[in-house]
> 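The following block contains the structure, expressed as structure tokens.
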There are 2 protein chains.
Amino acid sequence: MKTSIEHIRDKISKKGLKVTPQRICILEAIYDLDNHPTADNITEYIRETHPNIATGTVYKVLETLVENNLIKKVKTDRDIMRYDGIIEAHHHLYCSECDLIEDYMDHELDELLKDYFKKKKFPGFKLEDIVVQIRGTFDKC
Amino acid sequence: MKTSIEHIRDKISKKGLKVTPQRICILEAIYDLDNHPTADNITEYIRETHPNIATGTVYKVLETLVENNLIKKVKTDRDIMRYDGIIEAHHHLYCSECDLIEDYMDHELDELLKDYFKKKKFPGFKLEDIVVQIRGTFDKC
DNA sequence: TTCTTTAAGGAGAATGATTCTTATTTAGTA
DNA sequence: TACTAAATAAGAATCATTCTCCTTAAAGAA
């Protein structure tokens with residue numbers, strides 16, 4: 001289901017950010033692609049409708065969206081940054097053969113981890129979030 | 001406790017690899033630094049004793065060590081690669097304020113995840129490894 | 001011990017990803 | 001409608017990693 005432009009405008013303005021066409025289409029691209037895209041993936045997608053968007057703008061807007069918790073960065077072991085449009089807590093399936101990363105949500109797993117970490121102490125460390133990296137290989141890659 | 005050079009030589013030769021001074025000192029650097037270093041961190045460390053080692057050589061050796069399961073790449077959300085000298089299954093504490101990454105081992109957590117994932121099905125996906133990203137902030141950063 | 005072979009390393013160029021700088025444009029408010 | 005500060009465009013600069021080609025050396029055979 002495609003996210004409406006109105007919904008996106010709302011998300012952006014609620015963060016006290018100017019609602020610019022670039023920000024709208026970058027966020028829309030991330031939702032539409034829905035595959036933890038790189039900045040280049042996003043730029044290519046957007047240039048179908050906005051041929052003149054600058055690479056620097058894309059990086060700049062991505063940084064702004066991350067800082068304002070509208071998107072998240074995804075951890076990978078490559079020298080390239082990826083982005084996630086889902087900000088609610090979830091986990092990832094990583095393929096060790098290719099760059100595919102899939103979302104994984106399961107309330108049971110969340111509760112299980114929540115209970116475990118409630119019991120644990122981490123002196124000098126303030127816990128914020130738990131993300132499970134589920135590593136393996138996809139048949140389709 | 002510092003790993004002996006003999007131990008390192010043994011690890012390298014057991015993988016059928018030539019034992020070169022560069023490979024020994026790169027692996028030693030990773031063990032000594034023990035902080036999920038970048039290629040640049042490793043290069044700087046090594047140049048104290050091997051001033052002429054080439055950057056390309058460091059990247060090449062790191063790639064070889066990863067391929068042979070002597071070290072592992074660490075997932076981060078930056079455009080820079082980090083390496084881990086501990087190949088046994090473990091988890092990581094990530095600081096959201098700085099680049100610090102600390103190891104976290106707990107058999108209880110491992111068993112808990114093992115049991116959970118034993119029950120789950122992932123059609124089209126062959127599970128290999130589970131790593132937990134424990135995100136938060138360190139007081140000391 | 002010496003020689004040979006193939007793999008590894010050195011040096012630096014090339015490539016790709018990201019950041020920075022400056023001038024122009026524009027979103028939002030008055 | 002006008003104004004202002006923020007955002008964007010364009011391209012240069014920087015940084016991280018890979019590639020190419022020539023030289024060196026680890027390891028094994030003789």
Side-chain angles (χ1 to χ4, degrees), chain A residues 5-6 8-29 36-47 49-68 70-71 73-83 99, chain B residues 5-6 8-29 36-47 49-68 70-71 73-83 99:
Chain A
I5 303 299
E6 280 318 300
I8 289 177
R9 297 182 69 94
D10 196 53
K11 279 173 176 273
I12 296 172
S13 64
K14 271 197 165 100
K15 296 288 181 178
L17 297 170
K18 285 188 175 182
V19 181
T20 68
Q22 295 83 1
R23 288 176 176 175
I24 294 175
C25 64
I26 287 171
L27 196 45
E28 185 179 21
H36 308 96
T38 64
D40 197 53
N41 296 150
I42 292 162
T43 302
E44 279 178 18
Y45 183 85
I46 287 169
R47 281 184 174 156
T49 53
H50 296 69
N52 290 352
I53 194 161
T55 304
T57 298
V58 176
Y59 277 98
K60 189 70 174 167
V61 168
L62 287 170
E63 183 70 13
T64 299
L65 297 176
V66 169
E67 281 168 0
N68 286 276
L70 286 166
I71 62 174
K73 282 187 180 181
V74 182
K75 293 189 196 296
T76 72
D77 54 25
R78 303 293 296 275
D79 71 317
I80 194 161
M81 281 157 6
R82 287 185 174 273
Y83 300 85
D99 296 325
Chain B
I5 303 298
E6 279 317 301
I8 290 177
R9 296 182 69 95
D10 194 53
K11 280 173 176 271
I12 296 172
S13 65
K14 270 199 167 99
K15 296 287 182 178
L17 298 171
K18 285 187 176 181
V19 181
T20 68
Q22 294 84 1
R23 287 176 177 176
I24 293 174
C25 64
I26 287 170
L27 196 46
E28 185 179 22
H36 309 96
T38 64
D40 198 51
N41 296 150
I42 293 163
T43 302
E44 280 177 17
Y45 183 85
I46 287 168
R47 281 184 175 154
T49 51
H50 296 70
N52 291 352
I53 194 160
T55 304
T57 298
V58 176
Y59 278 98
K60 188 69 172 167
V61 169
L62 287 171
E63 185 69 14
T64 299
L65 296 176
V66 168
E67 282 169 358
N68 286 276
L70 285 165
I71 62 174
K73 282 187 181 180
V74 181
K75 294 190 195 295
T76 72
D77 55 23
R78 304 291 296 273
D79 71 318
I80 194 161
M81 281 156 10
R82 287 184 175 274
Y83 301 86
D99 295 324

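Convention: sequence-line order gives letters A, B, ...; per-chain numbering from 1. Heavy atoms only: backbone and side chains are in, while hydrogens, waters and symmetry mates are out.
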> Please report the interatomic distance CD1(Ile80(B)) to CG(Asp77(A)), rounded to the nearest 0.5 Å.
13.5 Å
> Calculate the interatomic distance between Lys60(A) atom NZ and dA9(D) atom P; express it in whole Å.
13 Å
> Name the residue closer to the 5' end of DNA chain D, choosing between Pro21(B) and Arg78(A) according to the nucleotide with the nearest heavy atom.
Arg78(A)
> Among the nucleotides dG10(C), dA17(C), dA7(C), which one has an atom lying closest to any side-chain atom of Lys18(B)?
dA7(C)
> Just compare dG9(C), dT18(C), dA9(D) and give me whichever is closest to any side-chain atom of Ile53(A).
dA9(D)
> Roughly how far, to the nearest 0.5 Å, is the CG atom of Asn41(A) from the CD1 atom of Ile46(A)?
11.0 Å
> With respect to the phosphate group of dT8(D), does any side-chain polar atom (N or O) of Thr20(A) fall under 4.0 Å of OP1 or OP2?
yes
> Nearest whole angstrom, please: distance from the P of dA17(C) to the NZ of Lys73(A).
15 Å
> Would you mind reading off the distance between Tyr59(B) atom OH and dA8(C) atom C1', rounded to a whole angstrom?
19 Å
> Give a yes-or-no answer on whether the side chains of Asp40(A) and Thr43(A) include a donor-acceptor pair shorter than 3.5 Å.
no
> Identify which nucleotide among dT17(D), dA10(D), dA11(C) has an atom closest to any side-chain atom of Asn52(B), counting heavy atoms from C-beta outward.
dA11(C)
> Let me spell it out: for each of Met81(A) and Leu17(A), pick the nucleotide of DNA chain C with the closest heavy atom. Which residue's pick is nearer the 5' end?
Met81(A)
> Verify the contact: side-chain N or O of Gln22(A) to OP1 or OP2 of dA9(D), cut-off strictly under 4.0 Å; return yes or no.
yes
